[in-house]
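Let me begin by presenting the structure, written as C-alpha cells, before commenting on it.
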Amino acid sequence: MIICASLKLLHLLGLIDFSEDNVEDEMEMATVRHRPEALELLEAQTKFTKKELQVLYRGFKNECPSGIVTEETFKDIYAQFFPQGDASTYAHFLFNAFDTDHNGSVSFEDFVMGLSTLLRGTVNEKLNWAFNLYDINKDGYITKEEMLDIMKAIYDMMGKYTYPVVREETPKQHVENFFQKMDINQDGVVTIEEFIESCQKDENIMCSMQLFENVI
C-alpha cells in the first residue's frame with residue numbers, strides 16, 4: 001500500500017513513463033524558492049543516477065513550482081486518485097513520513113530520499129521506512145491505537161464501495177492479526193526489531209518489497 005500510494009504520486013507528477021527527450025545538464029532553479037542540493041550530492045545520497053534525478057526534478061518542479069510540497073497539496077493529490085473515499089488522513093500520515101525534518105513541507109530532497117528507500121533500498125531500509133510510517137508519535141514503538149489509526153485511514157481512503165463490503169469491526173480485526181504476528185514477546189507494543197523479524201519471515205511481504213525496484 002505504501003509503495004503503491006507513492007507510485008500514484010509519481011504518476012501524477014509524470015515521472016513513471018518519462019520520455020527520452022534530452023534533459024538540461026544542470027537543473028533550472030531560477031523560478032523556485034527552494035533551491036535543491038547539488039545533483040552530485042543527491043546522487044551520492046540516493047540510489048538514483050544523475051539523469052534519473054534530473055527527470056524527477058523536472059516533473060517535481062512542473063507540479064510544484066515553489067520547490068516544496070505542502071500537506072494540503074499532498075492531500076489534494078491523493079484525493080484525485082481515491083475520489084470514492086477520503087484519503088486525507090492516510091495522506092497526512094504519508095506526508096509526515098516523507099517530511100523527515102518535520103518542518104511542515106516536503107522538499108525535493110525529502111521526496112527523492114524517501115523514494116530512493118522505497119524503490120531502491122534494501123529490505124531493512126524499506127521496513128525501517130514503513131515502521132516509521134506506522135509509529136505515528138515516533139517513540140520507537142507501534143501501539144494498537146496507532147495501527148488502528150492507520151488501518152482506519154486506509155479503509156477510509158478505499159471508500160465505501162469496496163468488495164467485499166468492509167464491516168465496522170474489520171480494521172480492529174486486522175490490528176489484532178497484525179499484533180498476533182508481530183508482537184513476539186506479547187507486551188502490547190511492536191518494536192522495530194520485532195517488526196523486521198516478523199516481516200522477514202513473511203514470504204508475501206518479502207515479495208512485495210521487490211515489485212517496484214525498477215519503476216523509474
Listed partners of Asp86 passing side chain to side chain donor-acceptor pair (under 3.5 Å), at least two apart: Ser88
ILVMFWY cluster, Met113 and Phe108 together (side-chain gap under 4.5 Å): no
Think Lys144 forms a cation-pi with Phe179, using NZ or CZ under 6.0 Å from the six-ring centre and within 45 degrees of its axis? yes
Run the ring-ring contact (aromatic ring centres under 6.0 Å, His included) test against Phe131 and tell me which residues pass, sequence neighbours left out. Phe195
Is the closest side-chain donor-acceptor distance between Glu109 and Ser107 under 3.5 Å? yes
Polar contact flag, side-chain donor to acceptor under 3.5 angstrom, Gln200-Asn124: yes
Thr73 versus Asp76, side-chain donor and acceptor atoms under 3.5 Å: no
So OG1 of Thr191 and CD1 of Ile184: to nearest 0.5 Å the spacing works out to 7.5 Å
Between Glu176 and Lys172, does any side-chain N to carboxylate O distance fall below 4.0 Å? no
Pair Tyr78-Tyr90, ring-ring contact (aromatic ring centres under 6.0 Å, His included): steps then yes or no: CA-CA 9 Å; Tyr78 282 100; Tyr90 188 78; 7.1 Å; no
Run the numbers on Met151 and Phe178 for side-chain contact (heavy atoms from CB on, under 4.5 Å), then give the verdict. CA-CA 11 Å; Met151 293 308 305; Phe178 175 88; over 6 Å; no
Using every non-hydrogen atom in the two residues, find where Asp99 and Gly104 come nearest and quote the distance to one decimal. OD2-N, 3.0 Å
